[in-house]
Amino acid sequence: MEKARPLWANPLQFVFACISYAVGLGNVWRFPYLCQMYGGGLASVVVSFFLSTYYNIINAWAFWYLFHSFQDPLPWSVCPLNGNRTGYNEECETASSTQYFWYRKTLNIAPSIQDSGGVQWEQALCLILAWLVVYLCILRGTESTGKVVYFTALLPYCVLVIYLVRGLTLHGATNGLAYMFTPKLEQLANPKAWINAATQIFFSLGLGFGSLIAFASYNQPSTNCQKHAIIVSLVNSSTSIFASIVTFSIYGFKATFNYESCLNKVILLLTNSFDLEDGFLTASNLEQVKGYLASAFPSRYSEVLPQMKNCSLESELATAVQGTGLSFIVYTEAIKNMAASQLWSVLYFFMLLMLGIGSMLGNTAAILTPLTDSKLISSHLPKEAISGLVCLVNCAIGLVFTTEAGNYWFDIFNDYAATLPLLLIVLVEIIAVCYVFGLRRFESDLKAMTGRTLNWYWKAMWAGVSPLLIISLFVFYLSDYILTGTLQYQAWDASQGQLVTKDYPLYALAVIGLLVAASTMCIPLVALGTFIVRCLKRGDTAPMA
Amino acid sequence: ISHVLVCNVTQRVSFWFVVTDPSKNHTLPAVEVQSAIRMNRNRINSAFFLNDQTLEFLKIPSTLAPPSDPSVPIWIIIFGVIFCIVIVAVMLLILSGIRQRRRMSKGPTEVDDSEDKCENTITIENGIPCDPLDTKGGHINDAFLTEDERLTPL
């Protein structure tokens with residue numbers, strides 16, 4: 001007796017799985033969603049494999065921060081003391097305590113990608129735990145994944161609502177919101193902004209990874225995929241806007257807090273140097289008094305001038321930290337200043353974990369579905385063993401990212417494993433469905449399955465607009481890579497307490513090339529392979545006919 | 001406060017002071033005063049209801065309180081708890097999966113055995129064996145006319 005293909009218990013589980021997978025760490029733009037019927041190709045599996053290798057380290061970091069949130073005071077809010085206990089650690093003084101905790105305590109980052117250092121055992125432990133949790137969720141296939149996604153899809157929303165209420169009541173939140181809603185027209189005219197937005201939503205919705213195809217393959221054939229497509233896209237985009245409101249109100253609070261403490265430092269410095277009366281200098285009369293002091297005591301003022309920082313709310317709001325550091329540095333800095341910061345920290349990192357695990361479920365589903373579907377492998381090994389093997393291999397490779405230079409390798413994977421190959425895969429998918437398989441055949445199949453005719457909007461998008469958009473994105477990306485010359489990365493300089501730009505060494509460039517080539521070459525290689533096999537078969541059967 | 005002389009008082013609450021030794025009639029050296037203040041910083045602070053951040057002695061850096069270092073870092077405890085829970089859950093799921101699979105592979109063979117037993121036991125009623133209703137194979141019921149006989153072949 002042949003076992004029936006496992007199905008989602010109800011359509012809601014499928015929608016939640018897609019939402020949970022799509023609503024990940026960063027959403028911005030909108031893009032039409034493709035409804036697919038056949039299994040994802042080898043290229044998608046390769047990209048998903050790369051993705052699942054490096055993505056789970058984010059969950060490991062979230063676990064690390066979550067476990068450290070149960071302390072008073074929060075470890076990233078205070079600097080550790082230096083050797084003779086007269087002051088704070090030097091690196092912590094030049095950078096900030098949150099940056100110090102991230103770069104030194106969490107990553108223990110090396111000064112450049114060449115100094116690889118050893119595996120950090122704390123990070124390795126957290127990574128193993130993260131993979132165990134993922135294994136727990138995918139162990140039983142859709143049966144267990146279906147139940148977990150209720151959790152991973154809904155809980156982040158609850159936390160976001162709580163944060164929205166808290167964020168909007170914080171002092172200075174309005175500054176952040178005003179900043180978010182004032183468009184910077186010169187940025188809008190820059191095509192690079194639009195390119196980044198488009199690729200971000202690409203990555204966010206998880207197109208081209210095969211995960212959505214894998215999830216959808218567990219659906220009943222009669223599922224209304226058009227409706228689901230619209231729902232998932234809309235939910236993804238509205239979640240982005242909702243999350244942005246929360247984020248920018250928190251930014252506003254952080255920026256206002258930093259601005260005010262900067263002002264207070266300047267006031268203290270001036271009061272000390274000129275022996276002014278306490279309380280004489282306030283934020284409102286600071287500029288006036290500065291002018292008066294500059295004219296009255298020019299020599300002493302010029303001595304003090306280099307120590308005075310120029311405090312500006314705008315620059316505080318505009319501090320954009322690169323990459324994953326955004327969620328771990330900027331948010332923690334805001335949280336440490338809130339009342340009951342332990343509670344907010346736990347909530348925040350728990351939400352981050354839910355988002356990350358939801359996305360990991362999608363990635364691993366994309367790899368596991370073809371493996372469990374193939375008769376060759378599933379006849380020898382049970383489902384649990386296949387999942388276990390995949391998790392083990394990914395975990396072992398992921399240990400590379402726990403070394404001292406691991407974050408630099410993470411950035412490489414993050415920037416290059418997904419961008420170009422993704423565009424190519426989705427382009428090939430669209431062309432294959434619309435032109436090779438035939439849009440009319442696809443349309444009639446869809447009608448036979450779901451009983452609904454395809455709206456003209458979908459047809460116009462798939463046949464015309466989407467391929468053009470993707471081709472233009474692809475061309476732009478290629479030209480951007482070629483024009484910038486040698487690729488560079490941001491390295492943390494412990495002495496300066498900030499990021500510096502460095503060039504990639506040769507072997508790192510080779511890895512980048514391999515990453516991009518591995519997934520893009522799959523498509524023509526597999527096509528060539530099937531073509532040769534078919535030719536050989538035709539050569540065998542021809543004389544018999 | 002008879003042996004402390006205050007001078008250079010400014011608008012801001014700050015001043016210079018020297019401590020005199022009445023018996024020797026000279027001011028004590030700064031180093032001695034500094035080490036004395038360093039030892040008794042707490043008492044001086046609490047006398048004014050101030051702390052190290054609000055009462056500053058120039059050239060006397062305050063020794064900062066060391067952070068409390070528990071013997072086992074807290075995060076390892078929480079990590080250990082969650083780790084054990086996850087491992088137990090994984091073991092449970094794997095074991096229940098293995099048990100289910102064993103039950104399923106045993107299941108069809110059990111059903112076969114019971115069917116064979118049915119065949120062997122022939123119902124005997126009044127000493128005459130009755131044919132049990134053979135549900136396994138399809139048998140033609142001769143009571144019904146077959147379609148072939150109805151239609152006269154050409």
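Not measured: the values here are computed from a predicted model. Atom set for the values below is all heavy atoms of this structure, side chains included, hydrogens, waters and symmetry mates excluded. By convention in this document, chain letters (A, B, ...) are assigned in the order of the sequence lines, proteins followed by strands, and residues within each chain are numbered from 1.
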What part of [X] gets within 4.5 angstrom of chain B, counting heavy atoms only: side chain, backbone, both, or neither?
{"X": "A:Leu66", "result": "neither"}
{"X": "A:Thr271", "result": "both"}
{"X": "A:Leu139", "result": "side chain"}

Distance to the ring centre below 6.0 angstrom and angle to the axis at most 45 degrees; does that hold for A:Arg300 and A:Phe297?
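Yes, A:Arg300 lies over the aromatic ring of A:Phe297.
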
A:Phe63, A:Tyr135, A:Trp64: which one forms the most heavy-atom pairs within less than 4.5 Å of chain B?
A:Trp64

In terms of ring plane angle, is the pair A:His68 and B:Trp75 parallel, tilted or perpendicular, where the classes change at 30° and 60°?
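Parallel: the ring planes of A:His68 and B:Trp75 meet at under 30°.
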
Using a strict cut-off of less than 4.0 Å between a Lys/Arg side-chain nitrogen and an Asp/Glu carboxylate oxygen, indicate whether A:Glu122 and A:Lys105 qualify as a salt bridge.
no

Please check: side-chain N/O of A:Thr94 versus main-chain N/O of A:Glu90, any donor-acceptor pairing under 3.5 Å?
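Looks like yes, one N/O pair under 3.5 Å.
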
Option that, when pairs with chain A are counted at under 4.5 Å, heavy atom only, ranks first among B:Leu93, B:Ile87, B:Val86:
B:Leu93

Using the ring-ring contact (aromatic ring centres under 6.0 Å, His included) rule, take A:Tyr65 and A:Trp76 through it: C-alpha gap first, then chi angles, then the decisive distance, then the call.
CA-CA 10 Å; A:Tyr65 269 83; A:Trp76 53 82; 5.1 Å; yes

For B:Ile77, which atoms come within 4.5 Å of any heavy atom of chain A: side chain, backbone, both, or neither?
neither

